[in-house]
2 protein chains.
Amino acid sequence: MSNKATLKNIAEMLQISISTVSRALKDHPDIAKETKRKVRELAEVMDYEPNAFAVYLRTQQSKVLGLIVPEISNFFYHSFVASIEQEARKRGYTLLILQSGNNPEIEEANLKLCKLNRVAAIFVALTSETNDIAVFKRIMVSGIPIIFFDKVPDDNQCIKVTMADTDIGKLAAKTIHQHKKKNVLALFGNPNMSITRKRKQGFVNELKKLSPLIEIATSTATSTKEAKSLALEALQSPKKIDTIFCMSDEILTGVIMAINQLHLSMPDQIAVLAISNGFIPKLTNPSITYIETSGAMLGEKSMETLFEVLDKGISKKTELITSKLIQGGSI
Amino acid sequence: MSNKATLKNIAEMLQISISTVSRALKDHPDIAKETKRKVRELAEVMDYEPNAFAVYLRTQQSKVLGLIVPEISNFFYHSFVASIEQEARKRGYTLLILQSGNNPEIEEANLKLCKLNRVAAIFVALTSETNDIAVFKRIMVSGIPIIFFDKVPDDNQCIKVTMADTDIGKLAAKTIHQHKKKNVLALFGNPNMSITRKRKQGFVNELKKLSPLIEIATSTATSTKEAKSLALEALQSPKKIDTIFCMSDEILTGVIMAINQLHLSMPDQIAVLAISNGFIPKLTNPSITYIETSGAMLGEKSMETLFEVLDKGISKKTELITSKLIQGGSI
DNA sequence: AATATTTTCGCAAAGGTTTGCAATATAGGA
DNA sequence: TCCTATATTGCAAACCTTTGCGAAAATATT
């Protein structure tokens with residue numbers, strides 16, 4: 001069975017020991033140059049690749065990173081994944097991408113899967129339904145670092161990388177104020193999530209401060225459909241709103257549907273401002289003005305944080321990413 | 001260190017042998033009921049999970065499925081992944097999701113990664129730039145089954161699961177013919193891909209057959225941007241087209257942008273028909289009529305095919321999935 | 001009571017790699 | 001020639017699980 005490319009086979013063919021082969025391939029100083037050359041040559045032609053499973057078994061160090069997100073088909077997470085993936089590839093890591101489908105049970109199952117696969121670390125964007133992070137804590141104490149990103153828990157005893165959500169809310173408020181709007185409908189997502197609470201708080205407080213006389217109606221829309229019907233209702237009601245603020249792409253999608261259905265034009269008949277990743281806003285004419293939440297930036301920062309954690313063994317830290325306004329024509 | 005949950009530790013604590021523990025956990029008939037009970041109980045409280053790496057090393061059977069797609073952030077692949085994932089979870093498999101970013105080099109690197117991780121099988125949707133599948137063939141002969149889906153190679157000596165693209169093209173043609181359209185702009189993607197060629201062939205041939213007098217202008221658009229400018233150009237040209245056919249969501253997106261920009265209304269000023277996964281078409285008003293390509297169905301069929309391959313060891317087969325028209329108001 | 005049968009369990013090897021330590025070889029020095 | 005230092009290499013254990021085969025114990029049969 002000399003066909004499989006293993007250390008053992010290389011050793012046999014070269015009539016040297018397995019350990020010598022192993023060290024030669026790792027450029028260990030103990031090994032003679034000539035031996036190294038021979039080993040490397042044969043390894044090359046045999047297309048040798050170390051068996052990751054055996055390596056793990058011996059070193060207990062897997063080169064796999066877990067990634068758990070509610071849904072990956074979403075521009076934000078996608079750009080996040082893309083940037084993580086790129087960096088991971090450079091460092092020889094593999095990404096184990098798992099989706100929880102916004103279901104805490106699947107989320108937990110995925111967590112278990114990560115543990116089973118002995119991942120080196122896990123990136124987690126929480127489900128909007130997750131309100132108990134005890135499971136995660138258990139994994140953390142078992143020695144696998146967890147980096148929460150985007151949808152993070154309130155708890156401060158963990159590693160978090162997230163957008164500066166309060167600031168984003170404030171920026172939205174400032175934008176609306178600058179345009180002298182009078183009557184705003186603000187649509188927010190699931191109020192259980194800290195991301196929602198922070199954006200809402202930043203937005204509402206700032207807007208009230210800047211424009212004390214403005215009318216602000218806030219509503220909760222946990223789906224595109226809901227956002228659409230809320231928008232339709234508001235747009236058809238007698239007391240006319242002049243602006244809709246959407247805290248996410250999911251909501252923005254519903255609002256666009258409503259506006260299209262009523263054949264309203266932006267920004268004169270209705271102004272729109274959103275927090276978005278940039279795909280949906282470009283679909284309309286004029287394009288929608290939005291505050292960009294960059295998955296790529298979040299990814300980079302998360303990766304940086306990860307290696308900090310891996311190297312220095314920190315166990316709590318909060319990283320905030322700032323973002324900027326992208327001017328469209330909707331306000 | 002009796003803290004880690006391994007067979008060895010369980011065995012020590014119970015003063016029995018490792019093999020007995022292993023068999024007890026597997027409900028092997030050789031083991032006494034009482035012993036099984038004790039082992040299971042302890043395993044439970046110790047939260048024992050077999051070490052996947054050790055299992056692989058021994059059995060050479062990994063419970064990981066590779067999945068390589070150009071981009072996962074795309075409704076079609078997403079629903080595909082979702083359905084594969086669900087089924088995989090049921091059977092105790094993990095999905096290793098890899099994106100090639102439409103780059104054949106990364107695609108090859110990912111393939112290598114799958115090999116390195118000794119996956120049980122690989123699902124592949126090819127890059128539009130991939131024209132040599134020799135690398136894949138090598139993997140196949142090395143014993144890892146590959147299931148090509150969606151973007152499949154022309155070669156018939158492999159396993160393919162794909163939409164019935166020629167039929168889809170024909171269905172589109174039939175729909176346009178039924179609406180008595182006279183002047184059609186048909187936008188297709190990368191002509192290197194068999195999916196493009198088949199859709200185009202089915203569409204053009206059928207339409208010419210049904211409506212010999214119709215004017216058909218076909219163009220190639222390999223990006224949303226390109227689709228947009230092609231549509232703008234056509235819509236503003238003197239010889240007025242009455243219908244645009246889009247072979248993909250990517251193209252449809254560009255076309256919608258163009259239509260929005262020119263403030264045209266569907267279906268009277270311009271009719272639109274697309275092949276799509278259903279998200280983009282619902283964004284407009286009226287919504288766009290499309291022929292649905294269901295990632296979920298493709299996923300199910302792929303998974304079925306996989307287990308057929310795994311069980312019966314087939315090495316070539318082509319599965320075709322049919323699809324249907326979803327009526328919107330754009331034609 | 002002695003033998004045959006069945007039930008229950010343990011031994012040991014294998015899978016591929018890493019690594020501390022021991023062993024051998026070579027060279028330099030006295 | 002013998003000893004010490006250095007350069008190379010090999011041995012063997014460990015990581016954790018699975019599994020064929022044999023051993024021991026319990027039970028059944030005569």
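These values consider heavy atoms only, across backbone and side chains, with no hydrogens, waters or symmetry-generated copies. Lettering follows sequence order; numbering is per chain, from 1.
Put simply, CD1 on A:I10 is 14 Å from P on D:dG10, counting in whole angstrom units. D:dC16 atom P lies 16 Å from atom CG of B:L25, rounded to whole Å. Between the NE2 atom of B:H28 and the P atom of D:dT17 there is a distance of 17 Å, given to the nearest Å.
For residues 8-27 of chain B, no pair satisfies ring pair (Phe, Tyr, Trp, His ring centres under 6.0 Å), with sequence neighbours left out. Among pairs with a residue in residues 134-153 of chain A, those fulfilling side-chain hydrogen bond (donor to acceptor under 3.5 Å, both in side chains) read A:Y77-A:D150, A:K137-A:D155, at least two apart in sequence or across chains.
The ring pair (Phe, Tyr, Trp, His ring centres under 6.0 Å) search around A:F53 returns B:F53, B:Y56, not counting sequence neighbours. Listed by chain and residue number, A:F136 satisfy the ring pair (Phe, Tyr, Trp, His ring centres under 6.0 Å) test with A:F148 (two or more places apart in sequence, or in another chain). Among residues two or more places apart in sequence or in another chain, the side chain to side chain donor-acceptor pair (under 3.5 Å) test is passed with B:E300 by none.
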TODO: For each nucleotide in nucleotides 8-17 of chain C, reading 5' to 3', give B when a protein heavy atom comes within less than 4.0 Å of its base, S when such contact involves only the sugar-phosphate, and - otherwise.
DONE: BBBB-BBBBB

